[in-house]
Enquirer: 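Got a structure for you, questions after.
We count residues from 1, following the sequence as given.
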Amino acid sequence: MSPRPYAGRGVPALSVPGRSVAITLPGQLDATLLPDPRAAVASLRQQFLTARGPVDSKVPPGHERPRLTIADVKVIANFVTFALRNDLPTIDPYDAAVIWEKWRVAVGDLRDLMRNVDSDAQALIAGTVLDHRTWDIEASLTTALAHPREVFEHYCPWRSDWATFERLHPEAV
């Protein structure tokens, strides 16, 4: 049985311009960050680092960030969106709701940041924002897998007001 889509509202795929993308990532149905989100994100980063090179060559090994184009940022954001749609139904729904909310805000911020940006020279800030937000999702997903409800407990001190049916089960709305 294939996983049910977690949501579709609020986080549409970002349109990718007709520019060259460094690597091809799994599609909408095959994208995943499981079973090890940290390894999956590290592998993703390494693939783009190999294809595009580092932002700063003076950074010690293991801490480099890949030099991304605007198209790369959008492809990575879409991959994470699809991976979360596939992966979140497998974890605690309270943790899943928090992780999805964090990613929904991240995509909104990226969309606003990249609006009318067409020069890859301006992609550094978008890549930096994506890197920080992806790290947060990776860490939250890892925590949710190891300790169900911990992400929710830390994110939502007002739990009873925030954890609405629509947030816990966006696919049902």
Side-chain angles (χ1 to χ4, degrees), residues 1-16 21-52 54-55 62-111 113-114 123 126-156 163 167-171:
M1 179 177 176
S2 64
R4 61 185 166 80
Y6 186 72
R9 300 179 13 207
V11 187
L14 298 171
S15 64
V16 179
V21 177
I23 65 168
T24 303
L25 295 173
Q28 193 167 341
L29 299 176
D30 300 319
T32 185
L33 296 174
L34 298 179
D36 183 355
R38 286 196 171 116
V41 171
S43 171
L44 183 66
R45 182 176 288 115
Q46 188 58 47
Q47 290 177 59
F48 278 92
L49 193 58
T50 300
R52 295 280 191 219
V55 169
H63 298 284
E64 307 101 339
R65 287 187 23 247
R67 181 179 311 280
L68 301 175
T69 65
I70 292 296
D72 293 338
V73 169
K74 290 179 179 183
V75 165
I76 294 169
N78 288 340
F79 171 78
V80 173
T81 299
F82 299 145
L84 291 177
R85 287 179 183 171
N86 295 335
D87 296 345
L88 291 181
T90 66
I91 67 171
D92 178 80
Y94 287 84
D95 289 340
V98 169
I99 293 168
W100 188 253
E101 179 67 9
K102 286 179 177 185
W103 188 247
R104 185 190 65 76
V105 171
V107 169
D109 290 347
L110 282 169
R111 186 180 298 115
L113 183 67
M114 293 186 297
T128 302
V129 170
L130 177 68
D131 195 45
H132 288 281
R133 298 301 182 85
T134 305
W135 174 85
D136 186 24
I137 295 303
E138 161 210 322
S140 295
L141 192 53
T142 300
T143 299
L145 291 168
H147 307 285
R149 293 272 170 108
E150 189 172 313
V151 172
F152 176 72
E153 295 290 333
H154 287 152
Y155 187 79
C156 304
R167 281 206 170 102
L168 296 178
H169 303 285
E171 76 283 359

Enquirer: List in chain and number order the residues that pass ring pair (Phe, Tyr, Trp, His ring centres under 6.0 Å) with F82, two or more places apart in sequence or in another chain; answer none if no residue qualifies.
Expert: none
Enquirer: Below 4.5 Å, heavy atoms only, C-beta onward: do T81 and W100 meet side chain to side chain?
Expert: yes
Enquirer: As an exercise, state the distance from CG of L84 to CG of L33, rounded to the nearest 0.5 Å.
Expert: 6.0 Å
Enquirer: Look up atom CD1 in I23 and atom CD in Q47, then write down how far apart they are to the nearest 0.5 Å.
Expert: 3.5 Å
Enquirer: Roughly how far, to the nearest 0.5 Å, is the CD1 atom of I137 from the NE2 atom of H132?
Expert: 14.0 Å
Enquirer: If the condition is side-chain contact (heavy atoms from CB on, under 4.5 Å), which residues does A42 pass it with, not counting sequence neighbours?
Expert: none
Enquirer: Only counting residues at least two apart or in another chain, list the ones meeting side-chain contact (heavy atoms from CB on, under 4.5 Å) with L113.
Expert: I125, A126, V129
Enquirer: List the residues meeting side-chain contact (heavy atoms from CB on, under 4.5 Å) with E101, not counting sequence neighbours, and say none if there are none.
Expert: R104, V105, Y155, W162, R167
Enquirer: Quick one, L25 and L44 - any side-chain contact, counting heavy atoms below 4.5 Å?
Expert: yes
Enquirer: Is there a side chain to side chain donor-acceptor pair (under 3.5 Å) between T32 and D87 once you walk through the steps?
Expert: CA-CA 6 Å; T32 185; D87 296 345; 2.6 Å; yes
Enquirer: Provide the closest heavy-atom pair for N86 versus A31 in the form atom of the first, atom of the second, distance.
Expert: ND2-O, 2.7 Å
Enquirer: Do L68 and F48 come close enough that some side-chain heavy atom pair is under 4.5 Å?
Expert: yes
Enquirer: Not counting sequence neighbours, which residues clear side-chain contact (heavy atoms from CB on, under 4.5 Å) with D131? List them please.
Expert: R45, R65
Enquirer: How far apart are the closest heavy atoms of R67 and P54, and which atoms are they?
Expert: NH2-O, 3.3 Å
Enquirer: Are S140 and V98 packed together at the side-chain level, in the sense that at least one heavy-atom pair is separated by less than 4.5 angstrom?
Expert: no
Enquirer: From the options V151, I99, D36, select the one residue that forms a side chain to side chain contact (heavy atoms under 4.5 Å, CB included) with L141.
Expert: I99
Enquirer: Does a side-chain heavy-atom distance below 4.5 Å link W103 with L88?
Expert: no
Enquirer: Salt bridge or not between R149 and D95? Use side-chain N to carboxylate O under 4.0 Å.
Expert: no
Enquirer: Apply side-chain contact (heavy atoms from CB on, under 4.5 Å) to the pair E64 and V55, showing each step before the final yes or no.
Expert: CA-CA 7 Å; E64 307 101 339; V55 169; over 6 Å; no
Enquirer: So E138 and T134, side chain to side chain donor-acceptor pair (under 3.5 Å) or not? Walk me through it.
Expert: CA-CA 6 Å; E138 161 210 322; T134 305; over 6 Å; no
Enquirer: Who passes side chain to side chain donor-acceptor pair (under 3.5 Å) against R133, sequence neighbours left out?
Expert: D109
